[in-house]
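A short worksheet on the structure shown next.
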Amino acid sequence: MFQKFLGGKTAVVTGSNSGIGLGIAHELARAGADLVLNSFTDAPEDHALAESLAAEHGVKVRYIQADMSKGAECRALIERAGACDILVNNAGIQHVAPIPDFPAEKWDAIIAINLSSAFHTTAAALPLMRQAGWGRVVNIASAHGLTASEYKSAYVAAKHGIVGLTKVTALETEKEPITCNAICPGYVLTPIVEKQIPDQMKTHNLSREDVIAKVMLHRQPSGQFATVEQMGGTAVFLCSPAADQITGTTISVDGGWTAL
């Protein structure tokens with residue numbers, strides 16, 4: 001879809017050893033960007049993944065471990081990267097419970113990883129972008145950054161916060177060749193979601209097709225999952241010249257969820 005117009009650029013993608021983050025990393029590399037992959041683990045397979053992407057796309061790829069619940073490690077990730085022309089804030093976790101029963105430690109962890117990490121990485125990356133004379137910040141929010149669901153208080157609060165942080169970042173870079181936007185996915189078919197389907201089939205005593213249609217995608221009018229490739233393509237578009245004047249906004253990739 002895109003030629004290698006991102007050659008010479010370095011993209012740091014948090015939470016990128018699987019799922020949406022990995023899908024975005026693949027598409028950025030396909031467009032020519034060098035990569036810094038990240039997660040909280042530091043296993044041989046993490047570094048092997050980086051080597052595999054480098055070989056597949058003909059770009060430089062490194063894996064840097066960082067615990068995104070800790071602000072100092074978020075900033076150190078950017079410092080260790082050395083360059084950060086494109087920052088994709090993707091790291092996130094989820095927990096579901098009614099507000100009175102929501103564990104305080106889960107609230108703190110979700111706010112730290114899903115929201116505060118993006119503040120810390122952005123704060124560290126903007127000076128590098130200004131020095132380079134170009135930058136793109138892509139925050140992975142959610143349909144839950146624009147609307148809400150019961151039992152997801154921390155996640156919804158964090159994703160609404162990400163949308164707000166996106167707008168502030170855009171305003172603080174408004175006269176510079178730096179943009180900041182948020183992608184708001186609905187349900188995306190990731191390995192984690194795929195693993196949830198058999199459990200939901202048992203819980204609801206439904207077929208796979210009915211679980212997908214009636215439980216998972218009941219608020220996604222298209223009736224189809226988005227894909228990690230579509231998330232990646234959207235991120236690459238936001239880094240393209242066509243998006244030079246797109247900043248401070250959200251792009252929903254949610255099958256019509258937020259149109260309801």
Side-chain angles (χ1 to χ4, degrees), residues 1-16 20-21 23-36 78 83-92 114-115 117-119 121-147 158-186 188 222 226-259:
M1 180 179 179
F2 296 97
Q3 296 179 342
K4 291 187 178 294
F5 67 93
L6 293 178
K9 307 295 187 185
T10 297
V12 179
V13 186
T14 68
S16 51
I20 292 174
I24 290 173
H26 267 289
E27 296 306 317
L28 288 171
R30 201 184 312 278
D34 295 330
L35 294 175
V36 174
I78 304 303
C84 184
D85 304 293
I86 300 163
L87 171 62
V88 181
N89 288 307
N90 170 73
N114 294 32
L115 175 58
S117 68
F119 163 74
T121 55
T122 301
L126 285 179
L128 297 179
M129 294 178 180
R130 286 171 171 145
Q131 184 178 355
W134 187 91
R136 296 289 181 265
V137 180
V138 180
N139 294 323
I140 306 305
S142 168
H144 283 117
L146 302 171
T147 185
K159 293 303 186 180
H160 272 68
I162 282 288
V163 171
L165 177 63
T166 297
K167 294 178 180 181
V168 173
T169 304
L171 291 177
E172 291 190 8
T173 57
E174 60 186 359
K175 301 298 184 183
E176 304 172 81
I178 298 171
T179 67
C180 181
N181 294 286
I183 299 174
C184 295
V188 181
S222 69
T227 68
V228 296
E229 292 81 10
Q230 289 165 349
M231 299 301 114
T234 304
V236 171
F237 164 71
L238 288 172
C239 297
S240 74
D244 282 352
Q245 288 299 310
I246 300 176
T247 192
T249 193
T250 59
I251 296 182
S252 294
V253 189
D254 64 3
W257 183 330
T258 49

>> Quick check: closest heavy atoms across Lys9 and Ile86, and the distance to 0.1 Å?
In response: CB-CD1, 4.4 Å
> If every non-hydrogen atom of Val12 is compared with every non-hydrogen atom of Cys84, which pair is closest and at what distance?
Replying inline: CG2-SG, 3.8 Å
> Nearest heavy-atom pair of Cys184 and Leu146: which atoms, and what distance?
Replying inline: SG-CD1, 3.9 Å
>> Within this structure, what is the CG-CG distance for the pair Leu87 and Asp85, rounded to the nearest 0.5 Å?
In response: 11.0 Å
> Taking all atoms of both residues into account, what is the closest heavy-atom pair of Ala29 and Leu35, and its distance?
Replying inline: CB-CD1, 3.7 Å
>> What's the separation between atom OG1 in Thr227 and atom CD1 in Ile20, rounded to the nearest 0.5 Å?
In response: 10.0 Å
> How many angstroms lie between atom CD of Glu174 and atom OG1 of Thr169, to the nearest 0.5 angstrom?
Replying inline: 12.0 Å
>> Checking the side chain of Asn181 only, and the main-chain atoms of Gly248 only, is there a donor and an acceptor separated by less than 3.5 Å?
In response: yes
> Nearest 0.5 Å, what's the CZ-CD1 distance between Phe237 and Ile251?
Replying inline: 5.5 Å
> Between Asn114, Thr166, Thr121, which is the residue that forms a side chain to side chain donor-acceptor pair (under 3.5 Å) with Asn89?
Replying inline: Thr121
>> Could you check whether any side-chain heavy atom of Ser240 comes within less than 4.5 Å of a side-chain heavy atom of Phe5, counting everything from C-beta outward?
In response: yes
> Which heavy atom in Cys239 sits nearest to a heavy atom in Leu6, and how many Å separate them?
Replying inline: O-CD2, 3.9 Å
>> Quick check for you: to the nearest 0.5 Å, what is the distance between Asn90 atom CG and Ser16 atom OG?
In response: 7.5 Å
>> Looking at Ile140, is its backbone amide N or carbonyl O close enough to the side chain of Lys159 to form a donor-acceptor pair, meaning the two atoms are under 3.5 Å apart?
In response: yes
> Does Asp34 reach the main-chain N or O of Thr10 with its side chain, forming a donor-acceptor pair under 3.5 Å?
Replying inline: no
> Which atoms form the tightest heavy-atom contact between Glu27 and Glu229, and what is the distance?
Replying inline: CG-O, 4.0 Å
> Any donor-acceptor pair under 3.5 Å linking the side chain of Thr14 with the backbone of Ala91?
Replying inline: yes
Which side-chain N or O atoms in residues 123-137 pair as donor and acceptor under 3.5 Å with protein atoms at least two apart or in another chain?
unit_1: Arg130; atom_1: NE; unit_2: Glu176; atom_2: OE1; d: 2.8
unit_1: Arg130; atom_1: NE; unit_2: Glu176; atom_2: OE2; d: 3.3
unit_1: Arg130; atom_1: NH2; unit_2: Glu172; atom_2: O; d: 3.4
unit_1: Arg130; atom_1: NH2; unit_2: Glu176; atom_2: OE2; d: 3.2
unit_1: Arg136; atom_1: NE; unit_2: Thr179; atom_2: OG1; d: 3.4
unit_1: Arg136; atom_1: NE; unit_2: Leu238; atom_2: O; d: 3.4
unit_1: Arg136; atom_1: NH1; unit_2: Pro177; atom_2: O; d: 3.4
unit_1: Arg136; atom_1: NH2; unit_2: Asp244; atom_2: OD1; d: 2.7

>> Is it the case that the side chain of Thr247 and the backbone of Cys180 share a donor-acceptor pair, with hydrogens and angles ignored and the cut-off at 3.5 Å?
In response: yes
> Under 4.5 Å between any side-chain heavy atoms of Leu28 and Val236, yes or no?
Replying inline: yes
> Within the side chain of Asn139, is there an N or O that forms a donor-acceptor pair under 3.5 Å with the backbone of Ala118?
Replying inline: no
